[in-house]
Amino acid sequence: MRIFAVLLCCLFCVFSNAQGEESVTVKKTLKLMGTRFEITVIAPNEDIGYINIDEAVSEIKRIEKIISSWDDESETSLINKNAGIKPVKVCRELFQLIERSIKISEITDGAFDISYASMDNIWKFDGSMDRAPDEKEIQQSISKIGYQNIILNSKEQTVFLKEKGMRIGFGAIGKGYAADRAKELLVSKQVKGGIINASGDLTTWGTKVTGEKWLIGIANPMSKDKVFSWLPVVESSVATSGNYEKYIVLNGEKYSHIIDPRTGYPTTGINSVSIFAKNAELCDALATAVFIMGRDSGIHLINQMDGVDAVVVDADNKIHKSTGILFDKNQ
């Protein structure tokens with residue numbers, strides 16, 4: 001009887017371990033940072049999965065409290081309020097994010113610039129515009145933009161905007177950064193797989209429950225409901241900037257809602273840019289920058305960066321890609 005009891009116990013342990021190895025996919029969609037987040041995790045059961053998702057949500061909300069320019073109490077708002085007045089001491093996290101943002105501005109020749117928030121909103125994409133702003137209005141709009149006027153003091157950990165009226169904002173990098181940090185938190189808690197999707201800026205880790213890779217579909221430019229090709233996203237990220245929904249047409253020319261901070265004019269010539277890299281933060285920033293730089297200059301830049309790739313759909317719905325992208329057009 002004792003031998004049978006031990007055997008039964010052993011069998012129970014083996015069965016329990018087998019059950020423990022089974023996982024489920026848990027997904028939740030919610031509004032964070034003013035946009036749609038979809039968080040997917042692979043978990044032992046639904047209850048643990050939702051706990052993991054709540055932890056990720058708390059991390060995203062924590063970051064929003066730091067980088068939001070809409071929150072009067074945020075460190076970012078404090079920087080903006082003191083533009084042209086005095087430096088502001090900030091947390092190490094925000095200081096380093098601004099440091100990285102300036103580096104991206106440098107390599108993109110200002111196509112990406114967090115001081116874009118200084119721009120006056122003279123372009124409207126709600127259907128109310130019947131003429132383009134004149135040159136004087138354009139120049140006035142961008143007069144306070146310039147990443148060179150963001151002064152960092154690493155010893156004091158302060159940020160100073162040199163010009164009164166300057167503002168910084170993280171609209172083109174913040175969602176990607178938040179996705180990265182949420183992923184980092186979940187990985188540290190041994191969540192073995194998932195996706196943080198911040199309205200098209202997404203990062204992945206692990207695999208699906210089936211062991212298959214996470215895939216992202218590149219939309220067929222001739223039909224948005226069809227996928228041109230599926231690309232694996234393995235322990236990496238992707239972000240897409242596009243003008244499918246927000247644009248205006250003036251004198252027969254289509255203008256994107258993405259405005260070049262160097263000129264004050266909306267971009268033309270590109271319908272969408274998808275950037276693939278390790279971090280969602282970098283993908284987010286470069287998707288905007290390449291959109292503004294244009295097809296040739298943008299792809300040339302990406303081809304010089306290790307571990308970064310791009311798929312660009314131009315205004316004629318033709319697809320262009322960096323050298324590291326391989327896909328089968330017959331898929």
Side-chain angles (χ1 to χ4, degrees), residues 25-43 49-71 74 76 91 93-94 96-101 103-104 112 114 169-208 213-218 231-242 272-291 307-311:
T25 303
V26 183
K27 183 186 295 186
K28 190 172 184 180
T29 301
L30 59 166
K31 190 172 184 179
L32 297 165
M33 300 178 75
T35 193
R36 182 179 183 271
F37 270 73
E38 186 176 89
I39 303 173
T40 304
V41 296
I42 305 302
Y50 283 117
I51 290 171
N52 293 150
I53 289 173
D54 287 344
E55 290 172 324
V57 169
S58 294
E59 177 68 353
I60 293 165
K61 287 181 176 178
R62 181 190 71 80
I63 291 163
E64 184 177 19
K65 289 292 288 182
I66 298 170
I67 70 172
S68 173
S69 54
W70 302 104
D71 182 347
S74 75
T76 300
C91 67
E93 183 175 13
L94 179 58
Q96 291 177 337
L97 177 60
I98 294 171
E99 270 188 323
R100 294 193 300 274
S101 296
K103 286 178 182 175
I104 295 171
F112 171 86
I114 57 172
F170 297 96
I173 196 171
K175 296 195 307 296
Y177 174 65
D180 282 336
R181 290 306 302 263
K183 168 185 169 178
E184 187 180 317
L185 175 69
L186 294 182
V187 169
S188 75
K189 293 181 176 293
Q190 285 77 53
V191 177
K192 60 186 182 180
I195 301 176
I196 311 291
N197 184 352
S199 193
D201 300 342
L202 63 88
T203 189
T204 73
W205 72 103
T207 63
K208 300 178 186 178
K213 298 172 184 176
W214 301 108
L215 296 173
I216 181 163
I218 301 297
L231 294 174
V233 184
V234 182
E235 304 292 334
S236 60
S237 309
V238 62
T240 298
S241 287
S272 76
V273 174
S274 295
I275 300 289
F276 298 79
K278 179 77 173 172
N279 299 319
E281 173 190 313
L282 183 60
C283 290
D284 197 359
L286 288 178
T288 301
V290 170
F291 202 107
V308 182
D309 279 295
V311 175

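Every heavy atom of this structure was used, including side-chain atoms; hydrogens, water molecules and symmetry mates were not. Only a predicted model underlies this, so the values are computations on that prediction, with no experimental measurement involved.
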How about [X] and [Y]: do any of their side-chain heavy atoms sit closer than 4.5 Å?
X: I173; Y: F112; result: yes
X: L94; Y: F170; result: yes
X: T240; Y: V273; result: no
X: V233; Y: S236; result: yes
X: W205; Y: V191; result: yes
X: K65; Y: D71; result: yes
X: L97; Y: E281; result: yes
X: V57; Y: I39; result: yes

For the [atom1] atom of [X] and the [atom2] atom of [Y], what is their distance to the nearest 0.5 Å?
X: K175; Y: D201; atom1: NZ; atom2: CG; value: 4.5 Å
X: I195; Y: W214; atom1: CD1; atom2: CH2; value: 4.5 Å
X: Q190; Y: L186; atom1: CD; atom2: CG; value: 11.0 Å
X: T29; Y: R36; atom1: OG1; atom2: CZ; value: 4.5 Å

Whether over 12 other heavy atoms sit under 6.0 Å from K213 NZ
no

Which atom of [X] lies closest to which atom of [Y], heavy atoms considered:
X: V308; Y: L286; result: CG1-CD1, 3.9 Å
X: I66; Y: C91; result: CG2-SG, 4.1 Å
X: A239; Y: A287; result: O-CB, 4.0 Å

Side chain to side chain contact (heavy atoms under 4.5 Å, CB included), that's the test. Do I42 and T25 meet it? Break it down for me.
CA-CA 5 Å; I42 305 302; T25 303; 3.6 Å; yes

Does a side-chain N-to-carboxylate-O contact under 4.0 Å join R62 and E59?
yes

Salt bridge (charged side-chain N to carboxylate O under 4.0 Å, His left out) filter on K103, not counting sequence neighbours, yields none

Any donor-acceptor pair under 3.5 Å linking the side chain of K183 with the backbone of T204?
yes

With sequence neighbours left out, write down each residue that passes side-chain hydrogen bond (donor to acceptor under 3.5 Å, both in side chains) with S237, or none if nothing qualifies.
T203

